[in-house]
Amino acid sequence: MSSRPRYWLVKSEPSAFSIHDLRNAPRRTTSWDGVRNYQARNYLRAMKVGDSVLFYHSNADPPAVVGVAEVVREAYPDHTAFDRSHKHFDPRSRPERPLWDMVDIKLVRVFARSLPLDVLRREPELTSMELLRRGSRLSVQPVRSREWGIIVKMAEKGNKRPRPAASRKRSTRI
DNA sequence: GCCAACGTTGGC
DNA sequence: GCCAACGTTGGC
């Protein structure tokens with residue numbers, strides 16, 4: 001990557017927080033808290049307002065890229081790390097010296113048809129994508145602009161509605 | 001539920 | 001610094 005990444009992918013287990021939860025959230029916006037991995041945190045810190053984010057459902061059936069969000073607030077301290085009662089509490093992170101950060105993301109769109117992992121794996125142009133790398137577990141990762149373009153194109157293709165019967169009469173079905 | 005892959009922890 | 005033990009992630 002020659003310039004800084006402008007495209008990202010974040011994972012969420014839909015049972016914890018799905019893209020539909022994001023759609024139903026106030027202002028369709030949420031803080032992306034709970035990241036407790038240094039590499040993922042560093043990627044969060046590299047995000048800029050306006051960057052685009054693929055929303056991925058992990059531990060789902062099927063696991064899939066399900067939509068697009070955008071960064072609306074850049075990294076700031078993840079206060080859930082300060083909260084002893086919180087699941088993601090981390091005593092090493094202090095308000096005066098925060099260890100973990102979060103960003104705010106806002107829903108852009110939910111794909112009418114999501115892109116399952118196995119479909120992405122079948123796309124030769126995506127083989128070097130971080131998400132598809134064997135053993136990849138990063139919950140926040142950069143996406144190359146080329147990969148972004150391919151995925152968005154695939155999503156649009158999937159979203160294409162069948163044409164009205166009249167205009168479809170002559171077309172050959174594949 | 002299984003388990004491979006990976007990150008973290010801590011003894012030495 | 002090494003590395004075994006352990007915990008977590010996440011596809012299957």
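Below, chain A is the first sequence line, B the second, and so on; all start at residue 1.
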All salt bridge (charged side-chain N to carboxylate O under 4.0 Å, His left out) counterparts of A:Arg28, not counting sequence neighbours: none
Neighbour count above 12 (heavy atom, 6.0 Å) for A:Glu125 CD: no
Between protein and nucleic acid, restricted to nucleotides 8-12 of chain C and to nitrogen or oxygen atoms under 3.5 Å apart, what atom pairs and distances do you find?
unit_1	atom_1	unit_2	atom_2	d
C:dT8	O2	A:Arg137	NH1	3.1
C:dG10	OP1	A:Lys11	NZ	3.0
C:dG10	OP1	A:Arg137	O	2.8
C:dG11	OP1	A:Tyr56	OH	2.5
C:dG11	OP2	A:Asn59	N	2.9

Carboxylate-amine/guanidinium contact A:Asp101 A:Arg45, below 4.0 Å: yes
Ring centroid separation A:Tyr38 to A:Trp100 under 6.0 Å: yes
Touch class at under 4.0 angstrom, heavy-atom based, for A:Arg92 against every strand present: sugar-phosphate
Nonpolar side-chain network containing A:Val72, other nodes, edges under 4.5 Å: none
